[in-house]
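These numbers come from a predicted model, not from an experiment. In what follows, every heavy atom counts, from backbone to side chain, and hydrogens, waters and symmetry copies are set aside.
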Amino acid sequence: MKILVTGGAGYIGGITAKHLLDAGHEVVVFDSLELGHVEAVDPRARLLVGDLRHESDIRSALQAVRPDAVMHFAAYALVGESSADPGKYYRNNDLGGINLINAMQAVGCKRIVFSSTCATYGQPDHMPITEETPQRPTNPYGHSKLMFEQMLTWFQRIHGFQPVFLRYFNACGAEGDLGEDREIETHIIPNILRVPLGRKDHVDIFGDDYRTPDGTCIRDYIHVTDLARAHLLAVESDVTGPVNLGTGRGFSVKEIVDAARAVTGHPIPAVIGPRRAGDPDELIADPTKAERVLGWKARYTDPAEIIASAWAWHKAHPYGYAH
């Protein structure tokens, strides 16, 4: 297939594009490079620089490429920032999203694999989280993703779109020479690893009074390679609707810090700070549907193994791709 990958110069998009190319698909990356990196774009892919918020950019790209399917990763994704500036998130994630949908409709492309998130669920009443768990996001980031899911559902009903929403949990790890490089880093594993790299003197833990055994948030950590495999399976299938991507196991922030200490051999001092707005106590996926409809199951379930892959990348790129 010919596949347009929005946000294909980013962390998950770049690694997924590599998997698509390895599987024999033709890939065109569409990215503004505001947050992405040219170095993350596989040289076998064609790069089109444009902004989804500019309707003419994405219309021109779709008309030039006329893809069989779209993989949509491009989005702002910082929970705290979304709570401070909701308008920024709705303009980018939803206005940009409707521009993409309209451009797809104009060229007759109806298959889209959407990079959604467990943040659409908010704080669920029960664990683990299934696809039927009520969606009650606790921050504008999660709500902006839910809104785009809802838009695509209406286009499915009215115009025959074929969307699949991959709601994934905490993406982490690295693959070969591709890893996680953000100017503003909020993900726990790369922040922890900045300490043994000498870029920080401690790691911040945001809150230790959550309703969990050790008081810190529990999350389902999923390796980026497993995510990329799921996207490939999804675009090659006729599955539509929501699919959770996770391991089905949860680990607390303190457990992740301890695993990083073991992997790096560094003491990694930790400082407890106040909670971040909108952080649920616990988020763990029920990945049963993914196994049933996609034949997918996470291969990486040991935090130490996931952290080791990230540590190898960060040691090779201590200041990211540009250094």
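The shortest heavy-atom contact between Ile205 and Ala270 is CD1-CB, 3.8 Å. Taking all atoms of both residues into account, the shortest heavy-atom contact from Thr225 to His19 is CG2-CE1, 4.0 Å. Taking each heavy atom of Ala74 and Gly7 in turn, the nearest pair found is CB-N, 3.7 Å. Considering all non-hydrogen atoms of both residues, Ser83 and Pro140 come closest at OG-CD, 3.7 Å. Of all the heavy atoms in Pro124 and Leu283, the pair that sits closest is CD-CD2, 3.9 Å. Pro196 approaches Trp311 most closely through the heavy-atom pair CB-CH2, 3.6 Å.
Atoms OH and OG, from Tyr168 and Ser115 in turn, are 2.0 Å apart once rounded to the nearest 0.5 Å. Gln63 contributes atom CD, which lies 10.5 Å from atom OG of Ser56 (distance to the nearest 0.5 angstrom). A distance of 8.0 Å separates CD of Glu180 from CD1 of Ile189, quoted to the nearest 0.5 Å. Atoms CG and OG, on Leu152 and Ser116 in that order, are 9.5 Å from each other to the nearest 0.5 Å. Interatomic distance, Leu166 CG to Ile12 CD1, rounded to the nearest 0.5 Å: 10.5 Å. The distance from the CG atom of Leu62 to the CD1 atom of Ile101 is 11.5 Å, given to the nearest 0.5 Å.
Using a 4.0 Å cut-off between charged side-chain N and carboxylate O, Arg136 and Asp125 make a salt bridge. A salt bridge links Lys18 with Asp22: the distance from a Lys NZ or Arg NE/NH1/NH2 to an Asp or Glu carboxylate oxygen falls below 4.0 Å.
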Under the side-chain contact (heavy atoms from CB on, under 4.5 Å) rule, what do Asp31 and Val38 come out as? Steps first, then yes or no, please.
CA-CA 9 Å; Asp31 201 296; Val38 171; over 6 Å; no
Please test Glu236 against His25 for side-chain contact (heavy atoms from CB on, under 4.5 Å), starting from the C-alpha separation and ending with a verdict.
CA-CA 10 Å; Glu236 292 180 341; His25 298 293; 2.7 Å; yes
Please evaluate residues His72 and Leu52 with respect to the criterion side-chain contact (heavy atoms from CB on, under 4.5 Å), reporting the C-alpha separation (whole Å), side-chain torsions for both, the decisive distance (0.1 Å), and the verdict.
CA-CA 11 Å; His72 180 40; Leu52 283 173; 3.4 Å; yes
Checking side-chain contact (heavy atoms from CB on, under 4.5 Å) for the pair Ile306/Cys172: CA distance, chi angles, key distance, verdict?
CA-CA 7 Å; Ile306 294 171; Cys172 49; 3.4 Å; yes
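Note: the hydrophobic cluster containing Phe169 does not contain Tyr11 (ILVMFWY, side chain heavy atoms under 4.5 Å, direct or indirect links). Residues Leu95 and Leu100 share a single hydrophobic cluster, defined by chaining ILVMFWY side chains whose heavy atoms lie under 4.5 Å apart. Residues Val70 and Ile58 are members of one and the same hydrophobic cluster, defined by side-chain heavy-atom contacts under 4.5 angstrom among Ile, Leu, Val, Met, Phe, Trp and Tyr. Linking Ile, Leu, Val, Met, Phe, Trp and Tyr whenever their side-chain heavy atoms come within less than 4.5 Å puts Val164 and Met1 in one cluster. Under a hydrophobic-cluster definition in which Ile, Leu, Val, Met, Phe, Trp and Tyr are linked whenever side-chain heavy atoms come within less than 4.5 Å, directly or via other members, Met71 and Phe161 are assigned to different clusters.
In this structure, the side chains of Tyr121 and Leu146 stay at 4.5 Å or more apart for every pair of heavy atoms. When side chains are defined from C-beta on, His231 does not count as touching Val235, because their heavy atoms never get closer than 4.5 Å. The side-chain heavy atoms of Asn102 and Phe155, taken from C-beta on, include a pair separated by under 4.5 Å. At a threshold of 4.5 Å between non-hydrogen side-chain atoms, the residues Pro280 and Arg211 do not count as touching. Proximity of Val195 to Thr264: side-chain heavy atoms (C-beta onward) are nowhere separated by under 4.5 Å. Looking at heavy atoms from C-beta onward, Thr212 lies out of side-chain contact with Ser252 at the 4.5 angstrom threshold. Counting heavy atoms from C-beta on, the side chains of Arg167 and Gln135 come closer than 4.5 Å. Residues Thr16 and Leu232 fail the side-chain proximity criterion, which asks for heavy atoms closer than 4.5 Å.
Residue pairs meeting the ring-ring contact (aromatic ring centres under 6.0 Å, His included) criterion with at least one member in residues 261-281: none, sequence neighbours excluded. Listed by first then second residue, pairs satisfying ring-ring contact (aromatic ring centres under 6.0 Å, His included) with a partner in residues 177-229 read His223-Tyr300, not counting sequence neighbours.
Within 6.0 Å of atom CZ in Arg157, more than 12 heavy atoms from other residues, nucleotides or ligands are found, so the atom counts as buried in its surroundings.
In this structure a side-chain-to-backbone donor-acceptor pair under 3.5 Å is present from Thr6 to Phe73. In terms of modelled atom types and a separation under 3.5 Å, the side chain of Asn244 and the main chain of Pro287 share no donor-acceptor contact. Side-chain atoms of Arg261 come within 3.5 Å of backbone N or O of Pro267 as a donor-acceptor pair. A donor-acceptor pair is defined here as one N or O able to donate and one able to accept, closer than 3.5 Å; no such pair exists between the side chain of Arg91 and the backbone of Arg53. Side chain of Lys2 to main chain of Val65: a donor-acceptor pair is present (N/O by atom type, distance under 3.5 Å, no hydrogens or angles).
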For residues 107-114, tabulate all N or O donor-acceptor pairs below 3.5 Å that involve a side-chain atom, not counting sequence neighbours.
unit_1 : atom_1 : unit_2 : atom_2 : d
Lys110 : NZ     : His159 : O      : 2.9
Arg111 : NH1    : Gln162 : O      : 3.0
Arg111 : NH1    : Val239 : O      : 2.6
Arg111 : NH2    : Ala234 : O      : 2.7
Arg111 : NH2    : Ser237 : O      : 3.1
Arg111 : NH2    : Val239 : O      : 2.9

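Residues forming a salt bridge (charged side-chain N to carboxylate O under 4.0 Å, His left out) with Glu81 (at least two apart in sequence, or on another chain): Lys88. Residues satisfying the salt bridge (charged side-chain N to carboxylate O under 4.0 Å, His left out) criterion with Arg229, sequence neighbours excluded, are Asp226. Residues satisfying the side chain to side chain contact (heavy atoms under 4.5 Å, CB included) test with Pro303, not counting sequence neighbours, are Phe251, Ile256, Ala259. Asn191 meets the side chain to side chain contact (heavy atoms under 4.5 Å, CB included) test with Glu185, Arg194, Lys200; sequence neighbours excluded. Under the rule for a side chain to side chain contact (heavy atoms under 4.5 Å, CB included), the partners of Lys289 that lie at least two apart in sequence or sit in another chain are Glu131, Pro242, Val243, Arg292, Val293. For Asp42, the salt bridge (charged side-chain N to carboxylate O under 4.0 Å, His left out) partners are Arg44, not counting sequence neighbours. Listed by chain and number, the residues in a side chain to side chain contact (heavy atoms under 4.5 Å, CB included) with Glu39 are His37, Tyr321 (sequence neighbours excluded).
Side-chain atoms of Thr138 and Gln123 include no donor-acceptor pair closer than 3.5 Å. Donor-acceptor pairing under 3.5 Å is recorded for the side chains of Asp220 and Thr247.
Under the 4.5 angstrom side-chain criterion for Ile, Leu, Val, Met, Phe, Trp and Tyr, the cluster partners of Trp154 are Ile158. Hydrophobic clustering, defined by side-chain heavy atoms of Ile, Leu, Val, Met, Phe, Trp and Tyr closer than 4.5 Å, groups Leu78 together with Leu35, Tyr76, Val79, Tyr89, Tyr141, Ile184.
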